[in-house]
Asks: 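Questions regarding the structure given below will be posed in turn.
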Amino acid sequence: MELKCLLMWLLFGSVKANKPEKCPALPRTKFADVTAKAYPLGTKLYYECDRGYKRRGGQYPGIQCQSKEQVASWDYKKFECIDEKILLSTAPTMELDFTQKPETVTQSPAPQMQENLSEFDQKDFCGPPKTILHASLSLNEQYYVGQVLHFKCQSGYDKRSPISGTRTCKKVNGKIIWTSLDMQCTNDSSYSDERPPQAIEPDPSVSLWCPVQSVPGSSHPSFSSSVILPVTAVFLVLLIIPAVFM
């Protein structure tokens with residue numbers, strides 16, 4: 001009984017250790033395209049048919065990076081995108097005879113992208129997925145530890161260097177994070193996140209003279225009337241006195 005429990009503990013521990021660890025949400029980068037050259041084990045991607053095309057019913061659009069014979073590779077399912085007009089025109093024929101395929105549906109094999117595995121570990125990472133005719137990969141929303149993403153500013157927003165960079169999802173001190181991205185995409189070469197220096201305005205309290213207006217409804221004279229009028233009166237007296245004694 002103890003041996004059985006030990007074997008089960010080792011089995012579940014091994015499965016848990018091999019389970020890929022999810023990355024947090026990818027920070028948004030405006031006006032930049034995101035690509036990847038390799039994907040860690042566990043990554044799931046999905047194909048989407050281009051506008052005007054639909055996938056055949058019953059086909060699964062997803063693929064997953066799995067380890068097969070100690071080599072990471074994509075697990076593909078049968079998937080193809082057919083012109084909507086062809087599907088509509090051949091629908092009655094397909095219902096009557098499923099074994100007969102119209103000649104117009106036959107398409108040349110989708111070109112496959114050569115997977116370059118020299119830059120990363122073949123055991124833990126899959127190369128770029130193959131391309132499928134009239135289909136593209138949808139935006140991935142879930143990444144796993146070890147994922148490296150390449151960012152490049154879109155055309156028209158590459159006026160300020162650097163215009164490209166990378167982010168890596170890694171585990172640091174037990175916490176899974178995305179590394180920082182030292183780039184910003186903008187269509188203005190003089191753009192800067194730094195705030196312009198503010199102009200220093202003079203302090204009104206330092207002014208040598210500031211007229212004080214009288215408060216409406218108050219009987220007290222204003223500063224100008226209480227100071228200027230007496231000074232004027234004294235000046236006139238000084239002029240009149242000499243004239244009287246002469």
Side-chain angles (χ1 to χ4, degrees), residues 19-69 71-117 120 122 124-157 164 166-167 169 178 185:
K19 186 177 180 180
E21 296 181 283
K22 296 181 179 181
C23 299
L26 180 67
R28 183 183 178 187
T29 303
K30 294 183 178 180
F31 312 120
D33 295 324
V34 186
T35 58
K37 297 180 180 180
Y39 300 86
L41 291 172
T43 301
K44 295 180 180 180
L45 299 177
Y46 298 89
Y47 288 99
E48 288 183 347
C49 291
D50 299 335
R51 178 177 294 184
Y53 294 84
K54 285 188 176 181
R55 64 183 175 93
R56 287 186 179 277
Q59 292 185 346
Y60 182 64
I63 59 175
Q64 185 174 13
C65 179
Q66 298 180 345
S67 179
K68 298 179 181 180
E69 299 180 356
V71 176
S73 61
W74 292 104
D75 182 24
Y76 293 100
K77 306 296 183 181
K78 187 176 181 180
F79 180 82
E80 58 181 338
C81 296
I82 308 298
D83 193 326
E84 292 179 347
K85 297 179 181 179
I86 296 178
L87 287 177
L88 293 175
S89 62
T90 58
T93 307
M94 294 173 65
E95 291 179 0
L96 295 175
D97 184 9
F98 289 95
T99 59
Q100 183 179 0
K101 296 182 180 180
E103 295 181 359
T104 54
V105 179
T106 304
Q107 299 177 352
S108 59
Q112 297 186 9
M113 182 182 298
Q114 296 294 329
E115 296 184 359
N116 183 10
L117 303 180
F120 45 84
Q122 300 181 26
D124 300 326
F125 290 86
C126 292
K130 68 179 182 180
T131 57
I132 293 182
L133 196 63
H134 306 306
S136 59
L137 290 169
S138 60
L139 181 64
N140 191 12
E141 297 182 355
Q142 182 59 66
Y143 297 97
Y144 296 90
V145 172
Q147 181 67 68
V148 179
L149 298 178
H150 300 263
F151 294 79
K152 185 176 182 181
C153 293
Q154 298 173 354
S155 178
Y157 294 90
S164 62
T166 59
R167 279 188 186 272
C169 178
W178 286 101
C185 301

Asks: Please name the pair of heavy atoms, one in Asp83 and one in Gly52, separated by the smallest distance, quoted to 0.1 Å.
Replies: OD1-O, 3.5 Å
Asks: Taking side chain as C-beta onward, heavy atoms only, is Tyr47 less than 4.5 Å from Ser138?
Replies: no
Asks: Taking ring pair (Phe, Tyr, Trp, His ring centres under 6.0 Å) as the definition, give me every residue that meets it alongside Tyr60, ordered by chain and number, with sequence neighbours left out.
Replies: none
Asks: With sequence neighbours excluded, what pairs up with Asp50 under the side-chain hydrogen bond (donor to acceptor under 3.5 Å, both in side chains) test?
Replies: none
Asks: How long is the span from the CG atom in Asn140 to the OG1 atom in Thr43, to the nearest 0.5 Å?
Replies: 7.0 Å
Asks: Restricting to non-hydrogen atoms, name the atom on Phe79 and the atom on Ile132 that form the minimum distance, rounded to 0.1 Å.
Replies: CD2-CD1, 3.7 Å
Asks: Which residues pass the ring pair (Phe, Tyr, Trp, His ring centres under 6.0 Å) test with Tyr46, not counting sequence neighbours?
Replies: none
Asks: Going by the rule side-chain hydrogen bond (donor to acceptor under 3.5 Å, both in side chains), which residues pair with Glu48 if we only count those two or more places apart in sequence or in a different chain?
Replies: none
Asks: Lys68: which residues meet the side-chain contact (heavy atoms from CB on, under 4.5 Å) condition with it, sequence neighbours left out?
Replies: Gln66, Ser73, Asp75
Asks: Compare all side-chain heavy atoms of Trp74 with those of Cys65 and state whether any distance is below 4.5 angstrom.
Replies: yes
Asks: How far apart are the closest heavy atoms of Cys23 and Val145, and which atoms are they?
Replies: SG-N, 3.4 Å
Asks: What residues, two or more places apart in sequence or in another chain, satisfy side-chain hydrogen bond (donor to acceptor under 3.5 Å, both in side chains) together with Glu21?
Replies: Lys171
Asks: Flag the pair Arg56 and Glu80 as a salt bridge only when some basic side-chain nitrogen lies within less than 4.0 angstrom of an acidic carboxylate oxygen.
Replies: yes
Asks: Are Pro40 and Tyr143 side-chain neighbours, meaning at least one heavy-atom pair lies under 4.5 Å?
Replies: no
Asks: Measure the shortest side-chain to side-chain distance between Pro129 and Leu45 over non-hydrogen atoms and say whether it is less than 4.5 angstrom.
Replies: yes
Asks: In chain order, what residues pass the ring pair (Phe, Tyr, Trp, His ring centres under 6.0 Å) check against Phe151, with sequence neighbours excluded?
Replies: none
Asks: Step by step, work out the side chain to side chain contact (heavy atoms under 4.5 Å, CB included) result for Leu26 and Leu149.
Replies: CA-CA 10 Å; Leu26 180 67; Leu149 298 178; 3.7 Å; yes
Asks: Of all residues at least two apart in sequence or in a different chain, which pass the side-chain contact (heavy atoms from CB on, under 4.5 Å) check with Glu84?
Replies: Lys54
Asks: What is the distance from atom SG of Cys81 to atom CD of Gln59, rounded to the nearest 0.5 Å?
Replies: 8.5 Å
Asks: Does any part of the side chain of Phe125, heavy atoms only, come nearer than 4.5 Å to the side chain of Leu41, both counted from C-beta?
Replies: no
Asks: With a 4.5 Å cut-off on side-chain heavy atoms, are Leu137 and Thr131 touching?
Replies: no
Asks: Quick one: side-chain contact (heavy atoms from CB on, under 4.5 Å) partners of Lys22, sequence neighbours excluded?
Replies: Gln142, Tyr144
Asks: Work out which heavy atom in Gln147 is nearest to a heavy atom in Ala36; give both atom names and the distance.
Replies: NE2-CB, 3.6 Å
Asks: Residues in side-chain hydrogen bond (donor to acceptor under 3.5 Å, both in side chains) with Gln154, at least two apart?
Replies: Asp33
